[in-house]
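Please read the structure below before turning to the comments.
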Amino acid sequence: MAIEIKNVTYTYMKKTPYEKDALKNVSLTIDKGSFVAVAGHTGSGKSTLMQHLNGLLKPSDGQVVVDDIDINGKGSAVITAKRSVGMVFQYPEHQLFEETIFADIAFGPKNFGLDEAEITSRVQAAMEFVKLDYKKYKDMSPFALSGGQMRRVAIAGIIALQPRYLVLDEPTAGLDPQAKRDLLNNIRQLYDKGDTTVIMVSHNMDDIMGLAQRVIVLNNGEIAADGRPAEIFNKNAVLEQAGLRPPRLTQLLQKINDEVVPVKTNYTNVDAAAEAVSQAWHRRGKNA
Amino acid sequence: MLSDIMIGQFFPGESVLHRIDARAKILMLFALILSIFLCDSRADYALLIIFNIILMYISQIPIRMYMKSLKPMFWIVLFTFIVHLFSGEGPTLLKVWIFNITWSGLSQGIFITIRLLLLILMASILTFTTSPLVLTDALESLLKPFKKIGVPAHEISMMMTIALRFIPTLINETDKIIKAQKSRGADFTSGNIMTRLKCVMPILIPLFVSAFRRADELALAMESRCYHGGEGRTRMKQMHLTRLDGFVTGGFIVFLLVLIVLRLKGM
Ligand SMILES: Nc1ncnc2c1ncn2[C@@H]1O[C@H](COP(=O)(O)OP(=O)(O)OP(=O)(O)O)[C@@H](O)[C@H]1O
Ligand SMILES: [Mg+2]
């Protein structure tokens, strides 16, 4: 069980003077149960790639296979496969439209043809997930909320679909630090429950650190690097080429390693890193 | 789909048509449109079609783009053709149910179709080779003399600039909202009229909300840069007439004269 992207090329505005290859022969497999982060500079093709995962964009060339089904094929299995991929767009709060928050979150489940009782329980669970009090908010207009709360409603709208694969396109863009932390914690909790594979786009390496098990770096429509976070974060040259920077923790460790004492730079956990630095420092003291 | 909409589409280039002063281009388009309505013999049409093809060739823009610009008008053109087809007089050529197709109807229909196609193509030549900003500046400059009689030249051109500027933005926005709702299982292609109308709401409401938000932001941004209308405003890019404009306009006048002569001879 996995999402397989096979030699996908995508061209915007094909056959016009504005033609642009947003993806160039990209291949990658996202295993079920993993937490994958996709990073890249603005315009590197992240959103384009994500929109292939549930068939919103058809590859100009290549194939997208979800759980062994080519999602650009025909048949009822294709619809089920597409529906197993939930997509949270960049600035998802711009898609809200219903009169009440309840109705908006219920829009997706209703379209999927679920029954009333099931819809209500899913909306309840989804609102709980994004920490919106059900009783207090269910009958409010989504347009009466703050930007951060609207974002939570929009995300709840996708969570209520209970997707097996959850795709989030820069979910924290434009949020304040507290809201950002809360949202990332929510996503982590959902992932830890074990039923959901998470694919998250971000240019912020600090967000990715400690969450993802695998980082894919896109640059100019191509995969520039793919591997474990600790490994990717130390490929400074590759990251720089892709217009990214290592997380602040990695930057700090690299600086300590270069200028103070030799220490491993591949920690993704602040406590472990602090421990390692302190040990290295003590060793140095003894040797001197 | 949505990306097929070509209104206000501009293709940067270096052709003669790109380099002519936009004011001259607008006036020439105007004259051409008038001449389309003056034409009524086959020779006139042939001349205009040839002239049009030459212009399209000079513009160095793929012919495919011109074809694409015709696409949205297809149904209107077809409708006009059919209406004319059945409304001619004279001997019947073919009888369909209670309607008669006549020679005069057929030729009327064909001529009207050619007129419409020429109109669209000529307008496309103008918009394809002129950036929207330059176009509205030129319009403002052309409308200036009418300010005396109360035509708000600057305001009209500013409104057009803003409208043109936001067409692609709104198209992108619509595209994104449609995709977002599709991801939530919305189906825009099946069901009867009522269910389809209902399907439009999830697109229209977010679109309106975002259009108003953008308008609000734009107004604020303009105000905070002290925008207060056209009075005393200077331009970064001044428009100058060049020798090239003289040549082209001259050639154009010659072409119009030929048309007029043809028409006088025909009478
Ligand atoms: N609708 C579109 N029409 C034409 N070109 C597009 C369209 N959408 C994206 N592109 C182009 O494709 C390339 C990749 O865009 P994409 O949106 O995938 O980038 P991204 O990595 O998501 O960037 P960001 O971080 O800014 O969201 C960009 O160069 C962009 O200009
Ligand atoms: Mg993006």
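By convention in this document, chain letters (A, B, ...) are assigned in the order of the sequence lines, proteins followed by strands, and residues within each chain are numbered from 1.
B:Phe252 and B:Phe51 have tilted rings, their planes meeting at an angle from 30° to 60° on a 0 to 90° scale.
Each of A:His94, A:Lys82, A:Met87 has some count of heavy-atom pairs under 4.5 Å with chain B, and the biggest count is that of A:His94. Ranked by heavy-atom pairs shorter than 4.5 Å toward chain A, the options B:Ala186, B:Pro62, B:Ser210, B:Gly13 are led by B:Ala186. Heavy-atom pairs under 4.5 Å with chain A were tallied for B:Ile203, B:Val209, B:Ile177; the largest tally goes to B:Val209.
Scanning all heavy atoms of the two residues, the minimum distance from A:Gln95 to B:Pro206 falls at O-CG, 3.8 Å.
With A:Phe112 as the aromatic partner, A:Arg83 meets the cation-pi criteria of under 6.0 angstrom to the ring centre and within 45 degrees of the ring axis.
Ion pairing between B:Lys25 and B:Asp21 fails under the 4.0 Å rule for side-chain N and carboxylate O. Of the charged side-chain nitrogens involved, none lies within less than 4.0 Å of a carboxylate oxygen, so that A:Asp195 and A:Lys32 do not count as a salt-bridged pair. For A:Arg152 and A:Glu93, the salt-bridge test fails: no basic side-chain N is under 4.0 Å from an acidic carboxylate O.
With a threshold of 4.5 angstrom between heavy atoms, A:Glu98 does not approach chain B through any atom at all. For A:Phe143, the part lying under 4.5 angstrom from a heavy atom of chain B is the side chain only. For A:Phe89, the part lying under 4.5 angstrom from a heavy atom of chain B is the side chain only. Contact of A:Leu57 with chain B is made through the side chain alone, with heavy-atom distances under 4.5 Å.
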